[in-house]
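Okay, so here's the structure we're looking at.
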Amino acid sequence: MKLRNRTVYYAIIVIVGALLFVLSEIVGEIDSFWGGLGLASFIFATLRLLQILRWKTNKNYAEKRNITIHDERNIYISKEARSKAFNYSVIIEAIIIIIFTALNMTDYTMVLSCLFVGQLLIYYVLYFILRKLA
Amino acid sequence: MDVNRTLLSSRIHILRAEHKMTQKQLADKAGVSRQTIISIEKGNYVPSLALAYTISKIFGKTIEEVFIFED
């Protein structure tokens with residue numbers, strides 16, 4: 001995403017976040033859940049906007065960040081971590097499904113099994129798409 | 001075969017010394033982090049073809065003159 005588009009995107013999140021917080025905590029129109037979500041979004045987006053501002057004004061910082069983001073070793077490590085995280089989460093889910101089945105907790109087993117199959121389905125779909133593209 | 005397990009040694013540290021170049025200077029020229037250069041020098045990370053080409057070009061050498069693949 002371009003820097004200008006990102007600025008607009010985060011500005012919208014700031015406004016929506018603030019609006020949710022005000023409507024929930026000050027006006028009391030909506031549930032407090034939305035207030036918390038709004039505050040979190042507001043803080044997150046404000047920090048992102050400050051980062052973008054620093055990016056625009058500080059050339060050294062922009063160069064450093066560019067290298068960190070586009071550094072191929074960083075990208076490799078990040079992809080490797082994500083793929084390992086997927087591997088381990090699938091294995092852990094499978095173990096939990098077996099345990100839940102043994103404990104006769106059918107509802108939890110059903111939910112986890114659906115998640116498990118869904119993840120594997122997404123993996124295979126992506127695998128075949130990427131194989132065609134590569 | 002995991003490409004990052006391929007044995008690869010490089011002459012980067014020798015070429016850097018010949019060109020009186022620090023790891024940071026090489027990293028800046030190649031557009032990568034200093035940590036990446038350190039990892040390549042140690043043989044912990046196998047660079048992409050594009051990065052290997054860029055590094056070789058910085059030293060005015062071919063890829064084969066900078067990187068040595070071992071089967």
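On a predicted model such as this, the values are computed, not experimentally measured, just so you know. First the proteins, then the strands, lettered A, B, ... as listed; each starts at 1.
For A:F86, the CZ atom sits in a packed shell: over 12 heavy atoms of surrounding residues, nucleotides or ligands are nearer than 6.0 Å. With a 6.0 Å radius and a threshold of 12 heavy atoms from other residues, nucleotides or ligands, A:W34 has its CH2 atom at or below the threshold.
Hydrophobic cluster membership is shared by B:L49 and B:F69, with clusters built from Ile, Leu, Val, Met, Phe, Trp and Tyr side chains linked at under 4.5 angstrom. In this structure, A:I122 is not a member of the same hydrophobic cluster as A:I92, with clusters built from ILVMFWY side-chain heavy atoms closer than 4.5 Å. When hydrophobic clusters are built by joining Ile, Leu, Val, Met, Phe, Trp and Tyr residues whose side-chain heavy atoms come closer than 4.5 Å, directly or via intermediates, A:Y123 is grouped together with A:F128.
Both the backbone and the side chain of B:T36 come within less than 4.5 Å of a heavy atom in chain A.
Proximity to chain B at a heavy-atom threshold of 4.5 Å picks out A:I67, A:D71, A:E72, A:R73 from residues 58-74 of chain A, in numerical order.
For B:K61, there are no salt bridge (charged side-chain N to carboxylate O under 4.0 Å, His left out) partners two or more places apart in sequence or in a different chain.
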